[in-house]
Amino acid sequence: MTATPKETEYVSNSDYFGPPVYTYSLKQGIRDGFLAPYKVIKVHLDVDVEGYRPMPGEVDQYGHEIEDRLYNQKDFDRNLIIDTRTARVAKWVSDYLKASGDRFQKTIVFCVDTPHAARMRQAFINENADLVQQYPRYVMRITGDDAEGKEQLGNFIDPEARVPVIVTTSRLLSTGVDAQTCRLIVLEREVGSMTEFKQIVGRGTRVHEDTRKFYFTLIDFRKATNHFADPDFDGEPVQIYEPGEGDPVMPPELPADAQPGDDETVVDGYLPPDISLPPGVAEPRPRYFVQGKPVTVLQERVEYLDDNGKLVTESLRDYSRKAIRAHYASLDAFLRRWKGEARKEVVIDELAEEGLFLDALMEEVGIDLDPFDLICHIAFDQPPLTRRERADQVRKRDVFTKYGPQARAVLEALLAKYQDEGVVGGLDNVKLLEIPPFNQMGTPFQLIQPFGTKAGFEQAVHDLQAALYQDVRQGAA
């Protein structure tokens, strides 16, 4: 049993054992719940779409006149380096992590070559200076020529190790790395080989129940995910040829469009003197370094796996509506689940496990809504109420009259907290009582005491939550 059959001049799994008795595809593994499904975000930068042509006589940052021709995506970070493009990629990915609410999602960024991986690492450090100050190894480069980075490989794949979080690489991590908790794969280089593309995707397909990793995301800046449209992507097993013991050592196999600098042993685009160019690879072009060119995002497209394992492109709103209604066929079904669950975040977590992240959906809707209202609005066409509107309705009903003055003060402060910020983890989370403004009102014990017991406090908060959500129209489909 193997995912990558061994095929050398002297050893062939397929010849020795014969055709596979049984094959198990990625699509089947995802459908059966053994492998993590994924979504693809394709990001199109203006310079990638339009290309780059220098002005007559334009020189790079080192004073070298840039050859006059139209440079395209195949040139970028090989023989034309645009510093603002690197910075824009790092900013987009960093903003994505910040918006997700979890900046410690293990992330692999696949770069063109080792110098590109070094530049990309620095760009990510610049974008995440706050965390890098606290965790110096938050961003690392793990490539064949980086001894310090390679030492951190074990920590990156260890689910118990907090850092490194963001790793930039070229080809070193594309295979043979069991990154169980990797949730984000960034493709910042073309991937010409279907075999290598499958291996890269495989870095994210591990399910890790302890960290609730049931899903991962591919962010593609280089059109590498076009391989998903190839029938061979989830087709028959691919034979991978590797040198066996006693086999002659051959130069590293590079894609047909590779240039010097693509292999892990190449530094700054020039081969060391004791390594010859692989057959068929042309002499390296000069590299130009362009500074200060504005780079913007033209378009972002999100693709999701459908029931047949095919990627489909649609708006996040339409996808979310279908995903929610797959769980809850009607508004009544959703309301029963929501009101029957004391901890409302359990419902939100269940949807997140299916790849439905409400923060991204909120951004597309453009209204700051409670997760409850967002779900009702998107999936069941209910008119949305803001958190302030819900809080005001509770105040008008004066639902706190049965409590004493101290208990009312705590509940009113919780309601204000909900209105202004929303609350992750539920209003009944006693840890809320340890932060402002509650810690200025007394200790958690003193604040719970007016409710009699902790259970009494939790019941009062559940009654408050019921009052927040009681006005949704029943019986709507």
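Counting from 1, the numbers follow the sequence of the chain as shown. Heavy atoms only: backbone and side chains are in, while hydrogens, waters and symmetry mates are out.
The aromatic rings of Phe104 and Tyr138 sit perpendicular, their planes meeting at an angle over 60°, well past the 30° parallel limit. The aromatic rings of Phe372 and Tyr469 sit tilted relative to each other, their planes meeting at an angle between 30° and 60°. Between Trp92 and Phe221, the two ring planes are perpendicular [angle over 60°; tilted spans 30° to 60°].
A salt bridge does not link Arg88 with Asp48: every distance from a Lys NZ or Arg NE/NH1/NH2 to an Asp or Glu carboxylate oxygen is 4.0 Å or more. Taking 4.0 Å as the cut-off between side-chain N and carboxylate O, Lys322 and Asp318 do not count as a salt-bridged pair. No salt bridge links Asp220 with Lys42; every basic N to acidic carboxylate O contact stays at or beyond 4.0 Å. Electrostatic pairing of Arg85 and Glu188 counts as a salt bridge here, judged by a charged N lying under 4.0 Å from a carboxylate O. A salt bridge links Asp130 to Arg103: at least one charged side-chain nitrogen sits closer than 4.0 Å to a carboxylate oxygen. Between Lys223 and Glu190 there is no salt bridge, since none of the side-chain N atoms of the basic residue sits less than 4.0 Å from a carboxylate O of the acidic one. Between Asp102 and Lys98, none of the side-chain N atoms (NZ, or NE/NH1/NH2) sits under 4.0 Å from a carboxylate O, so this pair counts as no salt bridge. A salt bridge links Asp68 and Arg53; the closest N-O separation between the charged side-chain nitrogens and carboxylate oxygens is under 4.0 Å. For Asp60 and Arg287, the salt-bridge test fails: no basic side-chain N is under 4.0 Å from an acidic carboxylate O. A salt bridge does not link Glu58 with Lys293: every distance from a Lys NZ or Arg NE/NH1/NH2 to an Asp or Glu carboxylate oxygen is 4.0 Å or more.
Phe289 and Tyr62 have their aromatic ring centers within a separation under 6.0 angstrom.
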I would like to know whether Ser330 and Asp332 meet side chain to side chain donor-acceptor pair (under 3.5 Å); could you show each step before the answer? CA-CA 5 Å; Ser330 67; Asp332 282 342; 5.1 Å; no
Carefully, step by step, assess Ser170 and Asp113 under the rule side chain to side chain donor-acceptor pair (under 3.5 Å). CA-CA 5 Å; Ser170 174; Asp113 56 20; over 6 Å; no
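Judged by distance alone, the side chain of Thr107 and the main-chain N or O of Gln105 form a donor-acceptor pair under 3.5 Å. The backbone N or O of Leu218 lies less than 3.5 Å from no partner atom in the side chain of Lys39, so there is not a single donor-acceptor pair. Side chain of Asp75 to main chain of Leu80: no donor-acceptor pair is present (N/O by atom type, distance under 3.5 Å, no hydrogens or angles). Distance alone, capped at 3.5 Å, places no donor-acceptor pair between the Arg206 side chain and the Gln180 backbone.
Annotation: cation-pi geometry satisfied between Lys106 and Phe156 (NZ/CZ under 6.0 angstrom from ring centroid, within 45° of ring axis). In this structure, Arg137 forms no cation-pi arrangement with Tyr135, as its terminal cationic atom is not both closer than 6.0 Å to the ring centre and no more than 45° off the ring axis.
Interatomic distance, Glu300 CD to Leu45 CG, rounded to the nearest 0.5 Å: 9.5 Å.
Scored by the side-chain hydrogen bond (donor to acceptor under 3.5 Å, both in side chains) test, Asn126 finds Gln122 as partners (sequence neighbours excluded).
Looking at Val295 and Asp46, their side chains come closer than 4.5 Å, going by heavy atoms from C-beta outward.
Other residues, nucleotides and ligands place no more than 12 heavy atoms under 6.0 Å from the CD atom of Glu160. Atom CZ of Arg388 has 12 or fewer neighbouring heavy atoms from other residues, nucleotides or ligands inside a 6.0 Å radius.
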